[in-house]
Undergrad: 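Sharing a structure with you now.
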Number of protein chains: 2
Amino acid sequence: MEISFKETNKRMARFEKAIRQAGVKVTIQRLEIFRVIASSIDHPDVETVYERVRERLPTVSLDTVYRTMWMLLDLGLISTLGASRDRTRFDANMENHHHFVCSRCGLTRDFYSEELDGIKIPESVKDFGSIEKAHLEVVGVCKQCAAKPNPKAQEEDTS
Amino acid sequence: MEISFKETNKRMARFEKAIRQAGVKVTIQRLEIFRVIASSIDHPDVETVYERVRERLPTVSLDTVYRTMWMLLDLGLISTLGASRDRTRFDANMENHHHFVCSRCGLTRDFYSEELDGIKIPESVKDFGSIEKAHLEVVGVCKQCAAKPNPKAQEEDTS
DNA sequence: TCTTAAATAAGAACGATTGTCAATAACATA
DNA sequence: TATGTTATTGACAATCGTTCTTATTTAAGA
Ligand SMILES: [Mn+2]
Ligand SMILES: [Mn+2]
Ligand SMILES: [Zn+2]
Ligand SMILES: [Zn+2]
């Protein structure tokens with residue numbers, strides 16, 4: 001919660017348009033679930049969204065929240081923090097470095113940049129707390145995945 | 001796998017020093033598990049580390065790999081990609097933005113920076129694949145957590 | 001070598017997420 | 001507006017990554 005009325009409404013409008021375009025039904029559950037995530041600044045998990053939706057829609061199931069969040073993700077209306085639905089991954093490189101991550105297969109590689117290490121972080125960030133470190137996450141499609149057909153291509157070329 | 005011999009050995013030396021300093025036992029399992037993660041460039045998950053360790057130590061248990069990875073994390077010898085051991089979290093802000101993340105409680109807030117949006121990503125990154133987007137993750141301690149005593153303070157001031 | 005606490009392996013347990021299926025509701029059509 | 005078709009929902013079982021419990025083994029110091 002805490003996003004401005006104006007911004008929330010803009011997001012709701014985008015939602016209605018996208019959901020109709022996708023040809024899926026506009027249910028009260030989907031409306032309320034999206035309203036919750038669209039008005040949240042805290043990047044909530046499914047359980048938190050569930051609790052907030054229940055305030056207005058006490059009979060909603062956790063299950064429906066899960067399904068709706070993944071649907072919103074597919075529609076490009078929301079995103080996940082870090083790599084979604086994955087196992088914890090580890091790194092023994094403790095030098096200051098950055099990552100390239102493939103959005104299809106999760107391939108992750110290190111890269112270095114002196115320029116990046118020296119970037120200025122806006123002063124306003126200090127209002128959130130003290131800063132320990134910063135690292136850039138570059139998301140793209142690795143060469144191997146680029147060579148394969150994208151499994152997410154729903155329309156067209158199914159001939 | 002694929003880290004140079006020299007670098008791997010440097011990491012092994014750091015490991016032996018840290019593990020003795022921490023006063024925990026140097027077991028063959030810990031040694032082999034660290035050797036695997038220290039020589040990997042692919043940021044493996046626990047299952048992958050487990051499989052690689054089993055090649056040299058067929059009786060090791062998945063459990064031990066889990067326990068060892070968390071121990072290595074506590075000792076500061078490795079790190080996790082993204083926020084560790086957490087549920088998936090969502091974001092309805094689809095504008096180009098960056099994040100401040102509290103390393104203690106996971107609080108996550110958006111921030112914007114035109115300067116950051118214009119950063120040059122090293123040419124060498126394109127060797128990994130095509131680039132879709134980039135976002136900076138600033139890790140620190142939020143004000144609320146800074147006000148509380150750090151639960152991870154093991155030594156000293158337990159008086 | 002002997003002692004002792006720490007670490008391991010095995011398997012049960014747990015918690016987040018997903019699958020199954022009968023009941024329900026959205027929406028196109030009459 | 002009433003009806004039919006089909007996607008969606010809610011309940012609950014199942015799955016999968018991770019953690020806990022316990023008996024056994026082992027590292028390391030005496
Ligand atoms: Mn790395
Ligand atoms: Mn955000
Ligand atoms: Zn890939
Ligand atoms: Zn915090």
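Just so it is clear: chains get the letters A, B, ... in the order the sequence lines come, proteins before strands, and each one is counted from 1.
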Undergrad: Regarding B/Arg52 and B/Asp42, does a basic nitrogen lie under 4.0 Å from an acidic carboxylate oxygen?
TA: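 Salt bridge flag = yes for B/Asp42 with B/Arg52.
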Undergrad: Between C/dA25, D/dG17, C/dT17, which nucleotide gets closest to the side-chain atoms of B/Thr88?
TA: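 For the B/Thr88 side chain, the nearest candidate turns out to be C/dT17.
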Undergrad: Can you check the B/Arg30 CZ to C/dA6 C1' distance for me, whole Å?
TA: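 My rounded result for the distance is 8 Å.
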Undergrad: Report the distance from atom CE of A/Met71 to atom P of C/dG19, rounded to the nearest whole Å.
TA: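 After rounding, the gap between these two atoms is 16 Å.
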Undergrad: What distance do A/His135 atom NE2 and B/His135 atom NE2 have between them, rounded to the nearest 0.5 Å?
TA: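 Interatomic distance, A/His135 NE2 to B/His135 NE2, rounded to 0.5 Å: 8.5 Å.
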Undergrad: Do the numbers put A/Arg54 on top of the ring of A/Tyr50, so that NZ or CZ is under 6.0 Å from the six-membered ring centre and no more than 45° off the axis?
TA: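 Yes, A/Arg54 lies over the aromatic ring of A/Tyr50.
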Undergrad: Going by heavy atoms closer than 4.0 Å, what residues in residues 37-49 of chain B are next to DNA chain D?
TA: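 Of all residues in residues 37-49 of chain B, none places a heavy atom under 4.0 Å from DNA chain D.
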Undergrad: A/Tyr66 side chain N/O closer than 4.0 Å to the phosphate oxygens (OP1, OP2) of C/dT18?
TA: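 Indeed not, no polar side-chain atom of A/Tyr66 lies that close.
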Undergrad: Which one, D/dT19, D/dC12, C/dT8, comes nearest to the side chain of A/Asp63?
TA: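 Looking only at heavy atoms from C-beta outward on A/Asp63, the closest nucleotide is D/dC12.
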Undergrad: Using OP1 and OP2 only, check whether a side-chain N or O of A/Thr27 sits under 4.0 Å from D/dT8.
TA: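 False: A/Thr27 side-chain N/O out of range (4.0 Å or more) of D/dT8 OP1/OP2.
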Undergrad: Is there a side-chain contact between A/Gln29 and the phosphate of D/dG10, meaning an N or O under 4.0 Å from OP1 or OP2?
TA: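 Yes, within the criterion.
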Undergrad: State which of D/dG10, C/dA5, C/dA9 makes the closest approach to the side chain of A/Ser61.
TA: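 Nearest listed nucleotide: D/dG10.
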Undergrad: C/dT17, OP1 or OP2 - any side-chain N/O from B/Arg87 closer than 4.0 Å?
TA: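 False: B/Arg87 side-chain N/O out of range (4.0 Å or more) of C/dT17 OP1/OP2.
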Undergrad: Think B/Trp70 has a side-chain N or O under 4.0 angstrom from the OP1 or OP2 of D/dT18?
TA: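 Checking B/Trp70 against D/dT18: no side-chain N or O falls below 4.0 Å of OP1 or OP2.
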